[in-house]
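Structure record follows, encoded as structure tokens.
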Amino acid sequence: MTYAPQPDFGTPASGAADLVTLQIDGRSLTVPAGTSVMRAAAEQGTAIPRLCATDSLAAFGSCRLCLVEIDGVRGTPASCTTPVAAGMVVRTQTDRLAKLRRGVMELYISDHPLDCLTCAANGDCELQDQAGAVGLRDVRYGAGGNHLGQAKDVSNPYFDFDPSKCIACSRCVRACDEVQGTLALTIAGRGFESKVSAGLASEDFFGSECVSCGACVQACPTATLVEKSVVAIGTPDRSVITTCAYCGVGCSFRAEMRGEQLVRMVPWKDGKANRGHSCVKGRFAWGYANHAERITTPMIRARIDQPWQPVSWETAFAHAASELRRIEADYGRGAIGGITSSRCTNEENFLVQKLIRAGFGNNNVDTCARVCHSPTGYGLKTTFGTSAGTQDFDSVAHSDVILIIGANPTDGHPVFASRMKRRLRQGAKLIVIDPRRIDMVRSPHIIAEHHLPLRPGTNVAVLTAMAHVIVTDGLADEAFVRERCDWDEYQDWAAFVARPANSPEHLAPVTMVDAGELRAAARLFATGGNGAIYYGLGVTEHSQGSSTVMAIANLAMATGNIGRPGVGVNPLRGQNNVQGACDMGSFPHELAGYRHVSDAAARALFEAEWGVAIDPEPGLRIPNMLDAAVDGRFKALYCQGEDILQSDPNTSHVAAGLAAMECVIVHDLFLNETANYAHIFLPGSTFLEKNGTFTNAERRIQPVRKVMAPLTGLEDWQVTQGLANALGLGWHYGHPSEIMDEVARLTPSFAGVSFDRLDAAGSLQWPVTAAAPEGTPVMHVDGFVRGRGKFVVTDYVPTDEKTGPRFPLLLTTGRILSHYNVGAQTRRTANVAWHKEDVLEIHPADADDRGLKTGDWVRLASRSGATTLRAQVTDRVAPGVVYTTFHHPATQANVVTTEYSDWATNCPEYKVTAVQVAPSNGPSEWQEDYAAQARTSRRIAVPAAE
Amino acid sequence: MTTHDNLVAMANQIARNFEVLGDAAAAAATANHLRLFWAPQLRAAITAGDAGLTPVASAAIRVLHADGL
Amino acid sequence: MRICISDDALAIACGADRVAAAFAAAVPAAEVVRTSSWGMHWLEPLVEIDGVGYGPVAPGDVAAILAGTADALRIGDVAAHPYIARQTRLTFVRAGRTRPTSLADYAATGGWAGLAAAQRMGAAATLAAVTESGLRGRGGAGFPAGIKWATVAAAPGPRKFTVCNADEGDSGTFADRMLMEGDPFCLIEGMAIAGLATGAGKGFIYVRSEYPHAIAKLEAAIALAADIIAPFVVEVRVGAGSYVCGEETALLNSLEGKRGEVRAKPPLPAHAGLFGFPTVINNVLTLAAVPWILVHGAAAYADYGLGRSRGTMPIQLAGNIRHGGLFETAFGVTLGELVDDIGGGTASGRPVRAVQVGGPLGAYHPRADFGTPFDYEAFAAAAGLIGHGGIVVFDDSVDMARQARFAMAFCAAESCGKCTPCRLGAVRGVETLDRIIAGERRAENLELVADLCETMKFGSLCALGGFTPYPVLSAIRNFPQDFAR
């Protein structure tokens, strides 16, 4: 395969349905109304020269290369800004136009360095291409004013800005405005002095508002903005389409390669999740794939205080199998279990749960969704009948009112946030329910209509109060409810929410939300047109996480906001494949496709395919496994691609559980924190090194394609297969496509999925069935999957986690843009430039009480434990609330979090912990002990000389 | 907190979230929930007479045991 | 005794305030009234005492005037002055005659009758009247105002705007300023009529920051007229010193708080203008012509003029000219009449060599063009443009190569920087003309300038880059000897 950039039609496609026929260069063609002449010509195969136009941005009309002649139109209009018209006769190539274009290009080149041969963009430069296309042979202007020789801005870790090469086309500025929506860039000065500036003239890119999404670099037609990796490695010579392994947005990328080396990740314009956009993580933070700390050889040891012994794969598999069989014999079949990974592919998840159900002979399988979106699965299955969001991402472009609750899209799901912000800039209204003033509340050209800064832990009370307003004001869509939902259940629910005790005024002392503001928000949501709800872990990670999900579903049904584009209930999934891991049967009570293990018919399918009996009773959840381990009844764990020690709550309890086990098998890229307690380490492969599929938050199954050979020699599914075969299971999958074929055979909602179909379609949103062969972008269109939508009365039950004299503040945790989850990947990239350590956000009033200022070391303590970190004094958090991230193992925010969890799913209550904050001058005892243990545990023995 | 204490607390929490249905329905819903989501050894680990169980949770455990867990 | 002295900025610059103070001190009993300016700039400060005019008056002349001995300054009945008498003042009918922010004066001179007529006739008939009057945009492009208004009226939109372009930046022009300072209610009335006709509820007047007197007068007048024009609302917005913000789309960007950068058209402002809503954007003189049309009828207005240029044009005579000032007349007067007869030739007394018509982007005309009638089409045929009606006169000491260079330098200084022909071309134009002036490879460089001018004329996004070739090429074509010295 040779390298070619993606085709660029110059201006965005027109969505118009009506067609227009015109003539370009003597050829007649028909295109949608609103199409530019430039795009129409491009679709016909006629390339009109251009520099400022690119099809990700609205036409701008500044470069003046794309001039054409149109019969009956004066002068030479720009083809990018001129829409087609019926009967229009266009000429794109005439002597006069050729001369004009050469004249413009002569001006460009008169102010451009003539260093093409040594330029990083040589061969991948639109200016170079267009100069050739217009036939410029000579620049007649003598020496004069120019912009050459200016200093480069190399402050960004991932790209350079060389103003000497800038042609002032504003593509970077427009990309920042239109695509990313950060508006960090501008053109400073005017006329000849016009120049791209990152914010104030004194600022460099790194010091500016720039979020390093890469849209400007992608948009730049020259080497003005260029990836440092391109400078270092050279231009790519081939590309592979694959799917990002960071968050649940699931961006499609072109992995652009030079030989076996990854040069850059460029968002794929045809990717339906990201539509050609990216964030700093997916676009740039892939360097961990070749980080020196990658482990590439399996390792074993007898005890965790011993150094690791590198061994062959065969030895590792045999050792693991014999340990598992020994423990099974010694302690019983229920003493072992496993954890699947939301970062691994569907196929890998399927194999791990199959290994456990078919090989370990129990249902002790769980997944990291336990600690993030398990309430989504429970809540949406109960109310709608499907454990997934209802919409595709495109839906947001049709929303009129967007309600964000417990999500921070600009940090957690930045690419989708940009799509949401685009809609908000077009005039959609925004309601934010969040204890913190997240960036969406106020950002350039966006102001939330209502921000309800609730007290952490009161989501259900706030949503019930909103429902109270909608019902008592008579704003419910009763026609929708009668047609689509169970009317009796609705009436029970309506009577409940209408109780005076559920009024905003009555609940205000609990929620701390202004009742008038809440009423206005409820009315806006009910009456503002298409209402869409987006939520995240601020909903699920509570003692009433599942109740909150159901309260959201109630609100959507009561207002008729289900079953069409622009509306819906949309969980913003945390990890790249958390949806897929759940789909693949990673929960202890469910087989693939969310069929309960007690469902004999479903079990029979699997038993027939696998040739084993499946336990009809649910297995242990992660916290159950750890409790049982502490009690001495759970002895072995196979943990793939998850770092439970850092990510799960109450770290000391997790550590105690792991330490009590006799065989912990960690399968990961790095010696993560959990590996400090492991006896067998199976090195993992990155998403760049394997084939498979990920399923994003919109149920979109997308291909992951191998762009380079695995450093370990094996893809992760092969590792699981090796372990399974060492246990005697006799698997012989030759390719992940065969695993997906098995999934499709066993899972009705995946019936129409195969790698061939994914290759052809690009991606498919499940259910993919005979009835919906192209997949299902929007669910519950003609009726709910479960039949009638179910209203569930959600009674507000305060959490048991209470503030008091010892722990007077509420801690809530979250993420930051530049890091991902426990940071295992992003901490091993230049993203640390933005966020070197976790900090504690504390309100000025609370900081004053404690004599704290920004940068001070503070001790953060709860009844579970204590850690230290630096304070950041900010009114982004309300008084009484503190906030931190959990990206860094040196902090281990989860030392502080408690064992409290969601009533229905045991999803941990990360978002509410009573804490005290005090000045500190050093690490906590836990931190010191842990650091010492980690140092010991990470030792690797040097292999003896042969 | 011991594992048993923890199980009692979780059973109470489930029961509490169903209490809005009325005690009898809440007990049935709690029992059903435990049957669907709790491993059998966990269900077996608590009995209706355990200290600390709320009335509804206790009733739910009774239902479970009556149905043979 | 009623002593009228203008408070127009030009009169003040010439000392009108000091003269007024001197009269007030000399005759405490007299009523010193500050009126608008008649527009005879060489006579400012012009003082009118009980109908008899004197000018230009210095404070030292006050005693002589009061004593009746200032014969040299005495011009008699101002309205009968030949410079005024030969004009047809429709838009500037109140110039020199009323107090600018006096509602009483305005009402007494027919003010608000146009708005009342429009309210009586309704939107459709008002649109028809403006269309039938033949009124064309006075900002320079000459687009028929009625068609523009009808487009906005027909455009769907939850709200619409009327925007007055008062960013009068052309060299040698001042008619907008005089109208805003001298008869602000007239502009407000015109805007209210436009709002009524098109469905716009709000109007903005975008005034250049260099016009502080106009801004103050407008603010005062808007406050006084608020109830009269209600529910229509007018607001003044002040520019920030950019010439190109006089280009309508750059003006809209500036009004929106954005960088003053030209927008590509389409979409036309009439379809998607201010904040994306349908917007009428007209020059001050266009809007100020409307009340007269509504009062006297479209036919009466269309009776004036020539060909497709109907009505009157407030022409501004400036530069090296003896009788500079405002001269409103029906289209059709020739350039020669304006410069020689009305303007009286140069102020320096030397022969007229070149006349730049239409601002800094207008062509330089030699005496050979003096037969050209003042009319949009006639000037286009003479490779020129009438623009906003500014005429700047040069005598025979002018170096036209330097003037050509100045045109490029002006474009370079004022370019917004969006389009390449203007952003880079203007700088290259200056450099190449410098080479020509220095005698370097003249033939090749003149050819390069010609090519550059073609690139700029047909390639530029707006009139700044697109019209800069007019002064450059007209200078080269009409005064070749200046490029061969």
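Just so we're on the same page: letters track the sequence lines, and every chain starts at 1. As the structure is a prediction and not an experimental result, all values here were calculated from the model.
- B:Asn6 places a side-chain heavy atom less than 4.5 Å from the side chain of A:Asp627.
- Taking the six-membered ring where the residue is Trp, A:Trp903 and B:His33 present tilted rings, their angle falling between 30° and 60°.
- Aromatic ring centroids of B:Trp38 and A:His589 lie 6.0 Å or more apart.
- Atom NE2 of A:His596 has more than 12 heavy atoms from other residues, nucleotides or ligands within 6.0 Å.
- Ion pairing of A:Glu617 with B:Arg35 is absent here, as no side-chain N (NZ or NE/NH1/NH2) approaches a carboxylate O to less than 4.0 Å.
- With a 4.5 angstrom heavy-atom cutoff, A:Glu590 does not touch chain B via any of its atoms.
- Heavy atoms closer than 4.5 Å to chain B are found in the side chain of A:Phe496, but not in its backbone.
- Neither the backbone nor the side chain of B:Asn12 comes within less than 4.5 Å of any heavy atom in chain A.
- Note that the CZ atom of B:Phe37 and the CG atom of A:Asn906 stand 11.0 Å from one another [nearest 0.5 Å].
- Proximity to chain A is absent for every atom of B:Glu19, based on heavy atoms less than 4.5 angstrom apart.
- Atom-to-atom distance recorded for A:Asp631:CG and B:Thr2:OG1 is 7.5 Å, nearest 0.5 angstrom.
- In this structure, A:Asp902 and B:Gln13 approach most closely via the heavy-atom pair C-NE2, 4.0 Å.
- Looking only at side-chain heavy atoms (C-beta outward), B:Gln41 and A:Asn624 stay at 4.5 Å or farther from each other.
- Residue B:Ile14 touches chain A through both its backbone and its side chain, counting heavy-atom pairs closer than 4.5 Å.
- Residue A:Phe587: no heavy atom, backbone or side chain, is found under 4.5 Å from chain B.
- Contacts of B:Leu36 with chain A are made by both backbone and side-chain atoms, with heavy-atom separations under 4.5 Å.
- In this structure, B:Arg43 and A:Pro618 have side chains that are in contact, with non-hydrogen atoms separated by less than 4.5 Å.
- Heavy-atom distances place no part of A:Thr794 under 4.5 Å from chain B, backbone and side chain included.
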